[in-house]
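Remarks on the structure that follows.
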Amino acid sequence: MSNDILIINSTILPLSHKEAKLIEKGFISISDGAISALGPMADLPDSSKAPKTINASGHLAMPGLVNTHTHAPMSLFRGLADDLPLMTWLNEHIFPAEAKSVNREMVYWCSKLAAAEMILAGTTTVADGYFLEDSVADAFTDCGIRSVVAQGVIDFPAPGVPDPAQNVEAAAHFIDRWQGKNNLITPAIFCHSPYTCSPDTLKRAKETARQKNASLFIHLAETKTEVEQIQEQHNTTPVRYLNSLGILDKDTVCIHCVWLDEEEIEILAKSGAKVSTCPQSNMKLGSGIAPLKKILAAGISVGLGTDGCASNNTLDLFSEMDLCAKLHKVRDLDPTALPAKTILEMATIGGASALGLANDIGNLSPGKKADIILLNLMQPHLQPFYHPDLLVYAANGADVSTVIINGKIVMQDRHILTQDINETMEKVRKLADCF
Ligand SMILES: [Zn+2]
């Protein structure tokens, strides 16, 4: 049997069964970018060979993590303005900083920095929403990370779209340029929010996304202030408002969903809309805690997101998993709330489902794309390894030693192979000189 890559002697967590079962000593064979077989070493055919064999003894192989929401270029604003409420942070710091610094060069290099950070921490798929999104897509393609890249739509002059009347058209052209262009990129539309897009803009954006069979992302019900604003302007709540405009369906990803009542959760569930939860960003901006237990109980697909690293301030989904689990336990005063297995699902197959990519990624099984990460278990904080729950409560991004995306090794022994990371950091430091 001929393969491109053969991983041997690895502990494997396929996450393809109801139980988070481990294969103690197993193999994974990869050919043409996909997983061709996996199982215990005893089942590895003697004839198996590959140009590249990775002896992963002492390591755990698991599906690459899926970050369902970020703004990669905002890595330039990491630590620029901390400890502020969302509206002050946005209006007095982030929007002015963006006006001063955002151009194609900034978007490209800061997206490469974000991609490096994510790959080093085991993220293999990311959903991004920003402006000049072509440059994000170029950066992600160069870095070899799988992505859903969504062109921003907002009713203000924006980078690359000085006339807001052209915002939806610009997003439509963006989708046309990237749909089917390469097998790592899925283009989409990102409406900033119900308070920065008019009803007409929202409806036209959704109509365009439908016509082009693309997802629509939107920040929704993030803060109490937003709920008050929508109540004042439209005499209803954010989810009811979007529902009345016909925005919610299975291809709509609602980001945050912190301030929902029970009926709004039902509306979301009925519509088939997906949720991206970003607990660390919600904590840092003091926005609140999403009612995740109820959202999950309603059968809604939920993915985990870091949000932009200006409001986090890292893109490490391992730390996001740990924090998400513990936050909901302390909120409910219930240690059984959001168990580690549920969190692991959110960061893998749940995220893949939210992004419409569950047929391709999200777990390790034959036929799926080979998006695989190897974690080094031979470290004090990961011993003994009784159970995969430890990945949520003890592992961190720096434990990831090797990352394979679409059957290609993009990081090996913590060295990124798809870009010169020193060059990228130097470029970003120079861009930061304007502040
Ligand atoms: Zn966001």
Side-chain angles (χ1 to χ4, degrees), residues 66-82 84-91 93-95 97-98 102 107 110-111 114 117-118 123 125-133 136 140 147-156 158-159 171 188-197 202 205 215-227 229 238 242 252-260 273-290 302-317 320 323-324 346 351 354-355:
V66 179
N67 185 349
T68 54
H69 181 57
T70 194
H71 314 284
M74 293 183 82
S75 52
L76 187 63
F77 311 133
R78 187 198 318 266
L80 186 66
D82 293 324
L84 295 163
L86 177 72
M87 296 300 174
T88 316
W89 178 74
L90 266 182
N91 294 320
H93 298 271
I94 295 301
F95 288 155
E98 286 181 324
V102 179
V107 170
C110 296
S111 296
E117 184 185 353
M118 288 188 279
T123 293
T125 296
V126 54
D128 188 74
Y130 207 63
F131 304 100
L132 299 172
E133 197 68 17
V136 178
F140 285 175
S147 64
V148 179
V149 280
Q151 165 68 24
V153 167
I154 196 165
D155 282 337
F156 307 128
I189 297 180
F190 163 55
C191 282
H192 178 266
S193 70
Y195 57 92
T196 50
C197 295
L202 292 169
S215 292
L216 181 124
F217 294 76
I218 185 164
H219 291 137
L220 186 66
E222 181 175 1
T223 61
K224 217 173 164 183
T225 312
E226 174 190 335
V227 176
Q229 220 170 317
L242 285 201
T252 301
V253 182
C254 304
I255 303 148
H256 297 306
C257 292
V258 171
W259 294 90
L260 306 181
K274 314 294 198 296
V275 167
S276 168
T277 189
C278 308
Q280 201 141 199
S281 173
N282 299 150
M283 287 175 75
K284 183 153 184 278
L285 293 166
S287 304
I289 305 173
V302 181
L304 198 58
T306 56
D307 212 343
C309 69
S311 65
N312 185 307
N313 294 2
T314 79
L315 304 175
D316 181 350
L317 273 181
E320 202 75 34
L323 181 133
C324 186
M346 277 170 37
L355 301 183

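This is a predicted model, so every value here is computed, not measured. When a ligand or atom number is given, it counts from 1 through the structure's own listing order.
Side-chain N or O atoms of W89 include one that pairs as donor or acceptor with a backbone N or O of A81 at under 3.5 Å. Distance alone, capped at 3.5 Å, places no donor-acceptor pair between the W259 side chain and the T225 backbone. Distance alone, capped at 3.5 Å, places no donor-acceptor pair between the D307 side chain and the S281 backbone.
In this structure C324 satisfies the side-chain contact (heavy atoms from CB on, under 4.5 Å) test together with P279, L292, L304, H328, L338, I343, M346, sequence neighbours excluded.
Inside a sphere of radius 2.8 Å centred on the Zn ion (ligand 1), the protein N/O/S atoms present are H69 NE2, H71 NE2, H219 NE2, D307 OD1.
Contact annotation: the side chain of S215 never approaches that of L355 to less than 4.5 Å [non-hydrogen atoms, C-beta and beyond].
Under the 30°/60° scheme for interplanar angles, the aromatic rings of F156 and F95 are found to stand perpendicular.
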